Amino acid sequence: MSIRVRFAPSPTGYLHLGAARAALFNYLYARQKGGKFLLRIEDTDLERSTDESTRSILDGLKWLELEYDEQIVFQSENADKHRAAALKLLNEGKAYRDFTPKAERAEGNIKDAIAEKARASQGEKNMRDNPFRDLSREESEGRAEAGEPFAIRLKVGERGTTSFDDAVFGLQERDYSEIEDLVLLRSDGHPLYNLAVVCDDIEMQITDVIRGQDHLTNTHKQILIYDALVATKPRFAHLPLILAPGGKKLSKRIHGEIVSLTTYRDAGFIAAAFRNFLALMGWSPKTEQEIMNLPELIAAFSLENINRSSAIFNFDANNPKRWTDDKALWMNAEYIRTMPLEELLPLVKAELKSAKLWREEYEDDDQAWFEKTVDLIRSRFFTLKDFSSQGRAFFSEDFDFDETALKKNLWKEPQLKMWMPELADKLETVEQFDHDEVQQAVSEFAEANGVKVGLIANAARAMITGQAVGASMFEIMSHLGKERVTKRLRSQIPFSFAG
RNA sequence: GUCGCGUUCGUCUAGGGGUCUAGGACACCGCCCUUUCACGGCGGUAACACGGGUUCAAAUCCCGUACGCGAUACCA
């Protein structure tokens with residue numbers, strides 16, 4: 001039987017990093033096995049689900065290049081089937097009507113309220129003590145026909161255990177006494193999560209359920225539903241969670257946009273790099289190779305090599321340089337400087353476009369110049385954003401001067417204010433404005449003034465690029481051309497706000 | 001509370017009885033290269049949560065403790 005897996009997010013927000021990784025693992029597994037990777041939007045919570053969220057999920061998957069097979073399944077469209085399944089179980093006596101009035105939902109933190117309730121009823125709680133569990137069929141139907149509202153609960157056996165062999169966490173067992181008679185259908189007829197998931201997974205013929213560890217205990221409930229429905233159970237693989245620094249939960253409320261996949265796209269990450277980084281969170285190829293492209297990831301992936309312990313996504317909200325995980329940033333830089341130039345160019349183009357720095361000539365008369373520029377500056381950049389910020393002087397006459405560059409390379413020597421225009425005059429006389437000739441001119445200039453070449457070169461760098469760092473100055477000068485270089489060297493603007 | 005799961009450098013991880021004076025990567029520090037900064041090269045700091053046991057031998061197996069996480073809903 002061929003492998004069929006699914007990614008089943010609920011559209012109640014943006015695509016969370018943990019969810020994105022779950023999607024990735026499902027995708028890798030499906031592709032490796034020659035199976036299908038399906039997408040199901042679990043939008044049964046009508047109050048929280050939004051189309052915008054669905055769009056953001058789709059955008060995220062598209063960005064990571066995780067193409068799904070077949071049609072998207074919207075869980076809400078299957079509600080009738082879910083209801084039918086619950087009714088079937090009711091008719092078969094495997095479920096029962098619970099006429100207990102629906103409890104008011106507690107205010108504030110729901111999780112805390114649940115835990116508190118559980119603590120309070122500790123010791124006296126018998127999962128089978130529902131008075132409606134053994135109501136006679138006649139009475140149950142009678143009350144239902146009289147219009148009394150009821151929920152449908154699964155009738156969990158008095159004695160027994162559920163068990164499954166998780167591909168990641170190993171053998172899992174749970175005693176029936178620890179599983180309540182879970183609600184299948186709300187009193188308003190709305191099917192609940194565990195029922196919906198099982199029904200849909202059966203219908204979609206899912207063979208392997210790969211999802212977050214937060215569903216590990218849900219799985220026992222779902223197994224009970226599979227059994228009641230007399231359906232074949234899929235294999236389960238639960239993924240360790242991705243946590244925030246300090247081992248806390250990575251949440252939108254506390255950590256903000258850092259947990260959203262689209263943040264990384266918008267921050268100038270290369271999809272392949274982020275995908276690579278994500279793959280290494282909780283999974284290891286067991287080799288020392290870390291930079292892996294998609295085919296390599298597909299070939300190396302295995303459920304068995306997924307870790308059981310949660311991984312921490314490291315970042316420091318108070319440090320702009322460490323706004324996200326160091327390793328993710330490093331990996332992105334690694335991709336930027338080593339990926340084939342032709343693959344990088346369109347990404348840089350998109351970035352320049354969004355920064356309003358793009359010029360059509362870059363794909364026409366100036367194409368060679370553009371390509372060389374990108375190649376010249378890419379090795380020092382961490383994200384695509386750097387092309388329009390640090391690299392701005394290459395694409396526009398209107399660029400800012402980095403304060404460090406000015407302080408360190410320009411203002412420390414008062415003479416430079418005079419020397420820079422003089423250097424421009426000197427360069428004006430260079431016939432062949434190439435690397436060697438420029439270097440010679442600058443060297444001669446430095447010597448004539450009795451200073452090191454470095455002093456002049458670095459001052460010129462600040463004048464010409466606004467930056468303290470960059471490629472070889474002579475390379476940059478010859479690349480930018482005599483006209484732009486001399487003009488910038490004659491500008492007195494960088495000196496005007498000194499002190 | 002109960003149940004489940006976890007715990008190797010700051011972080012991602014390798015290692016699953018002897019080859020571990022615990023390997024790699026990021027980050028950090030130093031040196032080399034260099035007009036700057038990166039890259040690259042070389043080197044360094046840095047970890048088996050704790051306590052018992054089993055064994056000739058434990059990071060590795062067992063038990064306990066601590067801590068963390070998850071679940072415990074007419075949410076998904």
Side-chain angles (χ1 to χ4, degrees), chain A residues 8-12 42-45 47-49 75 98 100-103 105-106 110-111 113-123 125 149-153 169-170 172-175 178-180 182-188 190 192-194 196-197 212-218 220 238 240-241 243 245-249 277 280-284 286-291 307-315 322 325-331 333-334 337-338 379-381 405 408-409 439 442-443 446 452-462 467-474:
Chain A
S10 49
T12 55
E42 307 212 320
D43 56 348
T44 60
D45 186 337
E47 286 160 28
R48 289 195 294 159
S49 299
Q75 190 161 61
D98 181 359
T100 310
K102 185 181 175 186
R105 186 178 269 183
I110 299 165
K111 295 245 175 197
I114 291 163
E116 190 49 51
K117 199 179 144 201
R119 236 189 310 276
S121 62
Q122 183 55 38
K125 177 85 172 171
F150 60 88
I152 294 181
R153 302 190 96 110
F169 287 92
Q172 301 292 310
E173 289 183 304
R174 199 166 175 83
D175 198 275
E178 281 152 19
I179 305 172
E180 64 167 352
L182 59 141
V183 172
L184 265 16
L185 218 57
R186 262 200 237 161
S187 50
D188 62 3
H190 186 84
L192 251 26
Y193 174 74
N194 283 305
V197 167
Q213 194 199 136
D214 45 342
H215 290 294
L216 195 63
T217 44
N218 269 336
H220 290 100
H238 287 88
L241 270 15
L243 269 20
K248 299 297 174 194
K249 189 172 178 171
F277 170 78
L280 263 18
M281 271 264 166
W283 171 79
S284 163
K286 309 282 183 188
T287 64
E288 291 188 350
Q289 184 183 2
E290 306 222 59
I291 301 294
N307 264 310
R308 288 187 187 182
S309 52
S310 305
I312 291 174
F313 183 74
N314 208 14
F315 62 89
R322 291 269 168 81
D325 198 287
D326 275 332
K327 198 155 183 173
L329 237 21
W330 165 78
M331 200 166 269
E334 182 72 15
R337 65 177 167 255
T338 61
S379 76
R380 285 159 186 82
F381 292 168
K408 191 176 146 210
N409 297 331
Q439 175 166 25
V442 174
S443 300
K452 287 186 173 172
V453 176
L455 180 82
I456 301 299
N458 289 327
R461 183 191 310 284
Q467 300 291 313
V469 308
S472 155
M473 199 55 231
F474 313 122

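The sequence lines fix the lettering, A, B, ..., with proteins before strands; numbering per chain opens at 1. Note that the coordinates shown come from a computational prediction; the quantities given were computed from them, not determined experimentally.
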Can a salt bridge be assigned to the pair A:Arg186 and A:Asp188 using a cut-off of 4.0 Å between side-chain N and carboxylate O?
yes
Whether A:His238 contacts B:G6 is assessed here as follows: a side-chain N or O lying under 4.0 Å from the phosphate OP1 or OP2. Is that the case?
no
How about A:Lys286: does its NZ atom have over 12 heavy atoms from other parts shown lying under 6.0 Å from it?
yes
Contact class for A:Thr100 (heavy atom, under 4.0 Å): base, sugar-phosphate, or nothing?
base
Verify the contact: side-chain N or O of A:Arg186 to OP1 or OP2 of B:C75, cut-off strictly under 4.0 Å; return yes or no.
yes
Remember a base hit wins even if backbone is also touched, and classify A:Phe474 as base, sugar-phosphate or nothing at under 4.0 Å, heavy atoms.
base
Counting only distance, no hydrogens or angles, is the base of B:A76 paired donor-acceptor with the side chain of A:Asn218 under 3.5 Å?
yes
Base, sugar-phosphate, or nothing for A:Met473, non-hydrogen atoms under 4.0 angstrom?
base
Judged by each residue's nearest nucleotide on RNA chain B, which is more toward the 5′ side, A:Arg461 or A:Leu216?
A:Leu216
State, to 0.1 Å, how close A:Leu216 and A:His238 come at their nearest heavy-atom pair, and which atoms those are.
CD1-ND1, 3.3 Å
For B:C33, the Watson-Crick or wobble partner whose two distances fall under 3.5 Å
none
Complementary nucleotide for B:A59 - Watson-Crick or wobble, under 3.5 Å
none
Would you say A:Asn194 and A:Asn218 make side-chain contact, with heavy atoms under 4.5 Å?
yes
Return the minimal non-hydrogen interatomic distance between A:Glu42 and A:Ala8, and the atom names on each side.
OE2-CB, 3.5 Å
Partner residues of A:Phe381 under the ring pair (Phe, Tyr, Trp, His ring centres under 6.0 Å) criterion, sequence neighbours left out:
A:Phe387
Non-hydrogen atoms of A:Ala151 and A:Val183 that approach each other most closely:
CB-CG1, 4.2 Å
Considering only heavy atoms from C-beta outward, does the side chain of A:Leu280 approach that of A:Glu290 to under 4.5 Å?
yes
For the base of B:C39, is there a side-chain donor-acceptor partner from A:Arg337 under 3.5 Å away?
no
Would you say the base of B:C3 and the side-chain of A:Thr217 have a donor-acceptor pair closer than 3.5 Å?
no
Could you state the CZ-C1' distance from A:Arg174 to B:A71, rounded to the nearest angstrom?
7 Å
Looking only at the side chain of A:Asn458 (C-beta and beyond, no hydrogens), which of the listed nucleotides B:C74, B:U36, B:C12 gets closest?
B:U36
Do A:Ser49 and A:Pro11 come within less than 4.5 Å of each other through their side chains, counting heavy atoms only?
yes
Within the 4.0 Å heavy-atom criterion, would you say A:Tyr193 contacts the bases, only the backbone, or no part of the nucleic acid?
base
CD of A:Glu180 versus P of B:C3: gap in Å, rounded?
17 Å
Closest to the A:Asp214 side chain, choosing from B:A76, B:G4, B:A71:
B:A71
Non-neighbouring partners of A:His190 that pass ring pair (Phe, Tyr, Trp, His ring centres under 6.0 Å), sequence neighbours left out
none
Students often get this wrong, so: under 4.0 angstrom with heavy atoms, is A:Gly246 touching a base, only sugar-phosphate, or nothing?
nothing
Suppose you measure atom P in B:G44 against the same atom in B:G24; what distance do you get, rounded to whole Å?
10 Å
Nearest-nucleotide check on RNA chain B, A:Glu334 vs A:Asp98; residue mapping nearer the 5' end is A:Glu334
Given atom CZ of A:Arg308 and atom P of B:G16, what is their separation to the nearest angstrom?
16 Å
Remember a base hit wins even if backbone is also touched, and classify A:Gly470 as base, sugar-phosphate or nothing at under 4.0 Å, heavy atoms.
base
In whole angstrom, give the distance that lies between atom CG of A:Leu182 and atom P of B:A76.
12 Å
Given B:C37, B:C75, B:G4, identify the nucleotide with an atom nearest to the side chain of A:Val469.
B:C37
Could you tell me whether A:Gln467 contacts a base, only the sugar-phosphate backbone, or nothing, with contacts defined as non-hydrogen atoms closer than 4.0 Å?
nothing
In whole angstroms, how far is the P atom of B:C75 from the CD atom of A:Glu42?
15 Å
Using a heavy-atom cut-off of under 4.0 Å over every strand shown, decide if A:Ser472 touches base, sugar-phosphate, or nothing.
base
Both distances under 3.5 Å, Watson-Crick or G-U wobble: report the partner of B:A38, or none.
none
With rounding to whole Å, what would you report as the distance between B:G52 and B:U11 at their P atoms?
26 Å
Using a cut-off of 4.0 Å between protein heavy atoms and nucleotide atoms, how would you tag nucleotides 25-31 of chain B 5' to 3' with B, S and -?
BSSS---
Does a nitrogen or oxygen in the side chain of A:Lys408 sit under 4.0 Å from OP1 or OP2 of B:U36?
no
Which of these nucleotides, B:G6, B:U35, B:A76, is closest to any side-chain atom of A:Ser309?
B:G6
Rounded interatomic separation in angstrom, taking CD from A:Glu178 and C1' from B:G4
9 Å
Does A:Ser284 reach a base, just sugar-phosphate, or nothing at all? Heavy atoms under 4.0 Å.
sugar-phosphate
Partner lookup for B:U54, please. Criteria are Watson-Crick or G-U wobble with both distances under 3.5 angstrom; report none if nothing qualifies.
none
Check every strand shown and say whether A:Ala311 touches a base, only sugar-phosphate, or nothing at a heavy-atom separation below 4.0 Å.
sugar-phosphate
So if I take every side-chain heavy atom of A:Asn307 and compare against B:A76, B:C74, B:A14, which nucleotide ends up nearest?
B:A14
With both distances kept under 3.5 Å, what pairs with B:G68, Watson-Crick or G-U wobble?
B:C5
Name the nucleic acid region contacted by A:Ala471, choosing base, sugar-phosphate or nothing; use a 4.0 angstrom heavy-atom cut-off, strictly under.
base
Atom-pair distance (CE on A:Met331; C1' on B:U13), nearest Å:
12 Å
Can you tell me how far P of B:C12 sits from CG of A:Leu329, to the nearest Å?
17 Å
For B:U19, the Watson-Crick or wobble partner whose two distances fall under 3.5 Å
none
According to the interplanar angle, ranging from 0 to 90°, do the rings of A:Phe313 and A:Phe277 count as parallel (below 30°), tilted (30 to 60°) or perpendicular (above 60°)?
perpendicular
Hey, does A:Gln439 reach any base, or is it just sugar-phosphate, or nothing, if we go heavy atoms under 4.0 Å?
nothing
When you check the phosphate oxygens OP1 and OP2 of B:U13, does a side-chain N or O of A:Lys286 lie under 4.0 Å from one of them?
no
